[in-house]
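Report on one structure; see the data block that follows.
Whatever order the structure lists ligands and atoms in, that order sets their numbers, starting from 1.
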Amino acid sequence: LHFSVRTGHPRFVNQLFGGSDPAAIVGEWIAALSNTSMYTYEAAPVGTVVEVALIKRLCDLVGFPEGEGVFAPGGSISNLMSVLSARQRAFPHVKQHGLREGERPVMFASAESHYSIPRAGIVCGLGQEATISVPVDEVGRMRVDELERLIEEQKRAGRTPFYVAATAGTTVAGAFDPIGEIAAVARRHGLWLHIDGSYGGSALLSKKYSGLLAGSELADSMTWNPHKMMGIPLASSATLMREPGHLEAALAMNADYLLHEDSDPQWNLGDRSLQCGRRVDALKLWFAWQVHGDMGFEQRVDGLFDQAQKFRQLLAERPGFRLIRDQEGPNVCFRYLPPDQRDAPAAERPRLEQEATIRIRSELAREGSFLINYASLDGAATFRLVASNPSTTDADLAALLDAIEAKG
Ligand code: ABU
């Protein structure tokens with residue numbers, strides 16, 4: 001612990017997760033103590049019942065009343081499972097025989113989507129080029145007119161579009177793609193619609209912010225990571241499907257030494273997972289939900305959005321800081337220019353801001369006062385503050401700006 005990064009510290013604003021939930025940690029300990037694997041009800045009766053109940057609850061929030069799903073080791077694996085399911089629906093022969101000669105499936109995701117989507121294409125043997133990158137608008141949302149244009153272009157080129165991923169909460173800018181509009185395009189062209197809600201899925205717990213995922217009920221699948229905004233220890237990632245059966249269609253191997261004929265398949269989750277051995281990841285979320293309830297999670301999510309909004313206000317009050325992308329999610333992307341560089345020509349500014357961002361960030365990390373990440377956005381390195389820990393106070397936020405000014 002001494003040499004580890006203190007990710008539960010209020011001044012750790014570096015990743016899409018932060019804080020540590022005591023109730024969930026107890027759940028995690030008990031999962032380790034019970035030491036079982038989630039492939040069968042026989043081996044993990046309590047874990048199975050808990051997981052099925054939680055998946056049902058998450059599916060209801062998304063708008064999948066008949067849905068099913070499974071927990072996975074992270075958002076990337078959940079996204080991969082969605083691509084495998086979509087590929088199986090579009091090419092039903094693929095599980096048994098692979099793709100046929102001449103078949104050229106293509107998938108679509110925004111230019112600011114997570115890299116796990118094109119990587120899923122790679123894992124599926126489609127190659128990285130099979131993921132077509134759709135341009136985004138000025139705040140980072142997928143441009144739906146461009147999506148439609150690119151689908152038609154790919155069809156004319158003899159390829160078969162089969163999948164589109166909308167992102168709810170992009171990794172850097174925290175943008176929410178317009179799911180309802182993307183769903184209309186997906187339906188018109190017969191594409192599987194997946195929502196990568198790894199980060200922003202938790203907005204569904206908030207009456208105030210659930211509108212950011214309007215249309216989620218129209219998707220075929222969704223990834224949701226309680227280990228991000230809900231504060232559950234890593235990893236907690238739900239793979240959710242609107243209709244039952246797709247995961248088994250893509251993944252089931254019917255190993256008879258696990259899935260005996262005399263057991264009820266509905267309660268054996270093994271064949272809807274990519275894993276064989278699988279931890280009881282549901283238990284920590286279950287414990288946390290018992291303690292906090294819907295209202296506790298709603299307050300947490302609202303509080304993180306409010307914290308980011310507060311930080312935007314504080315930024316606006318200080319010379320030298322500028323917001324890059326103006327939006328309402330828990331990410332705040334901004335740059336800073338020290339006073340002696342503020343008269344530089346406008347064309348020079350992004351390069352100078354980039355230099356300042358990287359050097360200041362590295363100084364803060366080295367001294368251990370704050371850990372705040374940076375990423376390239378709109379052509380230059382940009383600070384990315386993530387409001388991820390409810391115990392980060394307004395004073396912490398102001399202290400971060402003070403520290404950046406002092407280093408600058
Ligand atoms: N799975 C994306 C997480 C990246 C981040 O925490 O910054």
Classify the side-chain pair Asp21/His292 by whether it contains a donor and acceptor separated by less than 3.5 Å.
yes
Would you say that Met142 contacts Val164 through its side chain, given a criterion of any heavy-atom pair below 4.5 Å between the two side chains?
yes
May I ask you to decide if Leu234's main-chain N or O and His227's side chain share a donor-acceptor pair within less than 3.5 Å?
no
List the atom pairs, donor and acceptor, that lie under 3.5 Å between side-chain atoms in residues 207-214 and the rest of the protein, sequence neighbours left out.
residue, atom, partner, partner atom, Å
Lys207, NZ, Glu298, OE1, 2.9
Lys207, NZ, Glu298, OE2, 3.1
Ser210, OG, Ser206, O, 3.2

Every residue of the protein that comes under 4.0 Å of ligand 1, judged on heavy atoms
Gln15, Leu16, His114, Thr171, Lys228, Arg384
Does the plane of the ring in Phe162 sit parallel, tilted or perpendicular to the ring in Phe91? Use 30° and 60° as the thresholds.
perpendicular
Taking salt bridge (charged side-chain N to carboxylate O under 4.0 Å, His left out) as the criterion, tell me which of Arg335, Arg325, Arg349 meets it with Asp378.
Arg325
